Amino acid sequence: MMITTIKRKSIARSIMGISIVVLLAGCAADSKSNTGTDQPDTQQQEDVNKPSKNASTEGNTGTTIPVKEENTKLIKEIYELSKEGKVPGADFVSGVDLIDEVHASWGEPDKAVGAGDPYEAYSPGAGRGSFAFGIGRGEVIYDVRSFGSSEGSKVQFNQISLADITQTLGSPSETRTNGNDDILVYKVGEYELKFVGPYDKQVLHHISVYSPKAAAPMGGK
């Protein structure tokens, strides 16, 4: 009778032990299964939170601000006059006229800038704005610059963004930097039309109609 009781207890313990092993194995299997499903969920969440390149591009395209009509008009006027070597508000031709012609028409300059590569600055009044002339060999003007006008109803240059210019005229022939300035360069016939503005503000500061031929040193081509 004692032996039968012991055997029954042993069998019960064995069954209990087997049940525990099965239960632990099941838990381990569930743990592996959860680990496997957690990883794709985490990865999917990262992908959702990561900005889409396509969405970014579409966003930039969608936020393009149309150019104001008056800005477009002035930009096109600047471009057309540059074909003649001129800027709005001045009749002097870059690469052709002498600085003496400016003196005869506008008098003495407000100030001369630079000794080795002189520029003369003028503010002739009558709402024409401010200008500077680069003087090369033979007293020929090789650079005519305009800083725009702040008088009357004329568009001020700082109301024109560099983006306005590229939207109106297309991509520049070349983009340069000088100190803190960005320079959009458009090749117009024999001239370089330059739109110059600080890179941190991206608005127009001044324009330049530059004659590489007249700017070349003595003996240069």
Side-chain angles (χ1 to χ4, degrees), residues 70-160 162 164-165 168-169 172-176 178-179 181-198 203-221:
E70 57 268 32
N71 290 6
T72 299
K73 183 178 178 180
L74 179 55
I75 292 168
K76 288 182 176 179
E77 179 187 358
I78 290 169
Y79 184 83
E80 291 300 318
L81 283 173
S82 71
K83 296 177 181 178
E84 304 173 20
K86 299 179 181 181
V87 298
D91 291 328
F92 310 107
V93 181
S94 179
V96 175
D97 289 340
L98 304 178
I99 192 63
D100 288 345
E101 297 174 58
V102 181
H103 294 165
S105 180
W106 287 359
E108 292 301 310
D110 298 336
K111 61 180 179 179
V113 183
D117 188 19
Y119 275 78
E120 290 186 358
Y122 282 84
S123 296
R128 284 178 291 188
S130 300
F131 303 85
F133 301 91
I135 309 165
R137 66 183 192 279
E139 301 295 295
V140 175
I141 300 167
Y142 68 86
D143 188 7
V144 179
R145 297 183 180 182
S146 171
F147 297 84
S149 174
S150 59
E151 300 179 30
S153 59
K154 293 189 176 182
V155 177
Q156 297 180 33
F157 279 3
N158 62 9
Q159 300 300 312
I160 299 176
L162 298 186
D164 288 346
I165 296 163
T168 303
L169 300 179
S173 306
E174 188 178 345
T175 302
R176 302 173 187 166
N178 181 25
D181 291 331
D182 280 345
I183 306 173
L184 306 179
V185 183
Y186 291 84
K187 300 292 179 65
V188 185
E190 63 180 84
Y191 297 106
E192 291 182 356
L193 171 59
K194 304 176 184 179
F195 295 90
V196 184
V203 296
L204 183 61
H205 179 261
H206 69 271
I207 61 173
S208 163
V209 177
Y210 178 85
S211 171
K213 184 177 180 180
M218 190 68 70
K221 297 181 180 180

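Because the structure is a prediction, the values reported are computed rather than measured. Residue indices begin at 1 and follow the sequence shown.
When all heavy atoms of Lys86 and Val93 are compared, the pair lying nearest together is CE-CG2, 3.8 Å. Taking all atoms of both residues into account, the shortest heavy-atom contact from Ser208 to Arg145 is CB-CG, 4.0 Å. What you find for Pro88 and Ser146 is that their closest heavy atoms are O-OG, 4.3 Å.
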Handout entry: From CA spacing to verdict: salt bridge (Lys or Arg N to Asp or Glu O under 4.0 Å), Lys83, Glu190
Key = CA-CA 8 Å; Lys83 296 177 181 178; Glu190 63 180 84; over 6 Å; no
Exercise for the section: Please step through side chain to side chain contact (heavy atoms under 4.5 Å, CB included) for the pair Leu184 and Thr175, ending with a clear verdict. Expected result: CA-CA 5 Å; Leu184 306 179; Thr175 302; 4.2 Å; yes
Handout entry: Working for side chain to side chain contact (heavy atoms under 4.5 Å, CB included), residues Leu204 and Asn158
Key = CA-CA 5 Å; Leu204 183 61; Asn158 62 9; over 6 Å; no
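Phe195 pairs with exactly one of Leu169, Asp182, Ile183 by the side chain to side chain contact (heavy atoms under 4.5 Å, CB included) rule, that one being Leu169.
Taken to the nearest 0.5 Å, the CD1 atom of Ile165 stands 7.5 Å off from the CD1 atom of Ile78. Interatomic distance, Ile207 CD1 to Phe131 CZ, rounded to the nearest 0.5 Å: 8.5 Å. Considering CG of Leu74 and CD of Glu70, their distance stands at 9.5 Å, rounded to 0.5 Å. Rounding to the nearest 0.5 Å places NZ of Lys76 at 6.5 Å from OG1 of Thr72. Remark: Tyr191 OH to Glu84 CD distance equals 9.0 Å, nearest 0.5 Å. Atom CD1 in Ile99 sits 4.0 Å away from atom CD1 in Ile135 (nearest 0.5 Å).
Cation-pi geometry between Lys194 and Tyr210 is met: under 6.0 angstrom from the ring centre, within 45 degrees of the axis.
A donor-acceptor pair under 3.5 Å is formed between the side chain of Ser94 and the backbone N or O of Val209. For Tyr122 (side chain) and Gly107 (main-chain N/O), a donor-acceptor pair under 3.5 Å exists by modelled atom type. Although no hydrogens or angles enter the test, the distance criterion places a donor-acceptor pair under 3.5 Å between the side chain of Ser211 and the main chain of Ala214. Looking only at distances, a side-chain donor or acceptor of Thr168 sits under 3.5 Å from a matching main-chain atom of Asp164. Under a 3.5 Å cut-off, the side chain of Glu101 and the backbone N or O of Leu98 do form a donor-acceptor pair.
Using a 4.0 Å cut-off between charged nitrogen and carboxylate oxygen, Arg176 and Glu192 count as a salt-bridge pair.
Side-chain contact between Ile160 and Val155: present, with at least one pair of heavy atoms (C-beta onward) separated by less than 4.5 Å. Val185 has its side chain out of reach of Pro172: every pair of non-hydrogen atoms, C-beta onward, lies at least 4.5 Å apart.
Taking the centre of each ring, Tyr119 and Phe133 stay at or above the 6.0 Å mark. Taking the six-membered ring for Trp and the full ring otherwise, His205 and Phe157 have centroids separated by 6.0 Å or more.
Relative ring orientation between Trp106 and Phe92 is described as perpendicular, the plane-to-plane angle rising above 60° on a 0-90° scale split at 30° and 60°.
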